[in-house]
Amino acid sequence: MMDEQPRLMHSHGVGMAGHPGLAQHMQDGTAGTDGEGRKQDIGDILQQIMTITDQSLDEAQARKHALNCHRMKPALFNVLCEIKEKTVLSIRGAQEEEPQDPQLMRLDNMLLAEGVAGPEKGGGSAAAAAAAAAAGGIGADNSAEHSDYRAKLSQIRQIYHTELEKYEQLDIVPTGGGYGQRQNFKKNACNEFTTHVMNLLREQSRTRPISPKEIERMVSIIHRKFSSIQMQLKQSTCEAVMILRSRFLDARRKRRNFNKQATEILNEYFYSHLSNPYPSEEAKEELAKKCSITVSQVSNWFGNKRIRYKKNIGKFQEEANMYAARTAVSATSVSAQGSQANSPSTPNSAGGYPSPCYQPDRRIQ
DNA sequence: GGCCATGATTTCCT
DNA sequence: AGGAAATCATGGCC
């Protein structure tokens with residue numbers, strides 16, 4: 001962006017010797033006598049301008065000063081103004097407002113949904129939990145992996161915010177003659193750079209014509225540039241979140257056996273409800289609580305258990321008998337429990353495995 | 001390293 | 001929406 005200026009100088013500057021306006025200016029001075037000398041002067045000046053960037057800083061400074069004091073400077077300045085006026089029109093055309101980028105909105109929405117953008121911690125992690133739950137259907141209450149996920153997410157969040165702040169642009173409008181509220185600017189890369197460029201342009205405006213409008217334009221160019229940096233930041237943050245998320249999902253896929261106690265509780269329920277091993281939502285919740293696992297894990301377990309039991313009843317016979325005996329014992333100790341039509345006492349009985357009570361009702365054919 | 005048990009996921013069905 | 005069945009992927013044992 002910054003190289004636009006020199007380029008502008010270049011393309012117009014080279015042709016300048018032949019510029020009609022320049023010729024006119026050249027004749028404005030003393031009658032044609034030393035026209036040759038002036039041409040020479042102009043050539044010198046242009047040459048000097050063109051090569052000023054090759055100089056060391058001090059040299060360039062000195063040369064700038066010299067040029068400023070050159071007798072042809074006002075003329076040159078006028079020419080520059082003229083050229084400016086002509087080109088500015090074409091520049092205007094290219095300056096239409098770009099519509100709010102839908103891509104950017106998408107990124108913003110996603111970051112918001114993931115709890116990276118938006119309000120502080122509380123809302124953030126809640127959103128994260130919601131997102132995770134939505135992604136996996138797992139209760140939000142779960143365990144080490146989940147908190148690990150949240151920790152990583154908040155790390156991303158923090159980095160995102162510190163980075164974002166650097167490139168954030170508070171609306172700095174160069175008011176009137178000055179850009180006075182400098183002390184109010186948040187100190188960040190964008191604003192510092194903007195201020196720097198504005199100062200530079202102001203200073204340059206002594207040598208070449210720069211309207212406030214142009215400074216504004218430059219500022220908006222810079223802002224656009226910084227916006228695109230922000231966009232990149234948002235994009236890579238999104239990517240990071242996605243990666244984290246998929247890792248989290250993978251981690252969840254890693255199976256860990258339930259502890260013995262949980263398995264016993266589940267088996268106990270299963271075999272004592274063999275006739276209808278479909279715990280209600282409430283029963284699932286209770287089991288989940290007792291086993292300190294989630295409701296969907298309970299559902300998974302019963303799903304797996306039913307199908308595997310059905311597939312190979314023989315294999316589970318021993319297990320069935322064991323739990324049946326157990327519940328039988330507890331049932332007798334409570335005595336007055338026979339009320340239920342078909343659960344606790346019946347399952348085991350005499351060796352018959354399809355467990356008399358496991359009626360193939362429901363969907364099990 | 002193969003093998004089975006087992007929790008999780010996917011697909012299809014009702 | 002919830003379940004059956006198939007499938008995936010890992011834990012853990014030999």
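Below, read A as the first sequence line, B as the second, and so on, with proteins coming before strands; counting in each chain starts at 1. If you're wondering where the values come from, they're calculated on a predicted model, not measured in any experiment.
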Rounded interatomic separation in angstrom, taking CZ from A:Phe258 and P from C:dG11: 14 Å
Out of C:dG3, C:dG12, C:dC8, whichever nucleotide has its closest atom nearest the side chain of A:Arg308: C:dC8
Interatomic distance where CG belongs to A:Asn312 and P belongs to B:dT6 [whole Å]: 12 Å
Selected nucleotide, minimal atom distance to A:Arg306 side chain, candidates B:dT9, C:dA4, C:dT7: C:dA4
Over 12 foreign heavy atoms within 6.0 Å of CD, A:Gln261: no
Nearest-Å distance for atom pair CZ/P, residues A:Phe270 and B:dG7: 13 Å
Atom pair distance, as rounded to whole Å: CD1 in A:Ile307 and P in B:dA5: 16 Å
Heavy atoms of other groups near A:Gln158 CD, more than 12 under 6.0 Å: no
base_contact_polar (C:dG12 base, A:Arg256 side chain, donor-acceptor, <3.5 Å): no
Integer-rounded Å distance: B:dA5 P and A:Glu319 CD: 11 Å
Nucleotide nearest A:Lys310 when distance is taken to its side chain, options C:dA5, C:dG3, C:dG12: C:dA5
A:Arg306 side-chain N/O to A:Pro277 backbone N/O, donor-acceptor pair under 3.5 Å: yes
Residue met sooner reading DNA chain C from 5', once A:Asn257 and A:Lys311 are mapped to nucleotides: A:Lys311
Listed nucleotide nearest any side-chain atom of A:Lys315, set B:dA8, C:dA4, B:dA5: B:dA5
A:Lys284 vs A:Asn304, nearer the 5' end of DNA chain C by closest nucleotide: A:Lys284
Euclidean distance, atom CG of residue A:Asn267 to atom P of B:dA5 [Å, nearest integer]: 14 Å
Touch class at under 4.0 angstrom, heavy-atom based, for A:Phe302 against every strand present: nothing
side-chain N/O A:Asn300 vs B:dG7 OP1/OP2, d < 4.0 Å: no
Interatomic distance, A:Asn259 CG vs B:dA5 P [rounded to whole Å]: 20 Å
A:Tyr278 side chain near C:dA4 phosphate (N/O to OP1/OP2, under 4.0 Å): yes
For atom NZ of A:Lys260 and atom C1' of B:dG7, their distance in whole Å: 19 Å
Side-chain N,O (A:Gln297) to OP1/OP2 (B:dG7) below 4.0 Å: no
A:Phe270 ring center within less than 6.0 Å of A:Tyr309 ring center: yes
Result of checking A:Phe258, A:Tyr269, A:Tyr323 against A:Glu264 for side chain to side chain contact (heavy atoms under 4.5 Å, CB included): A:Tyr323
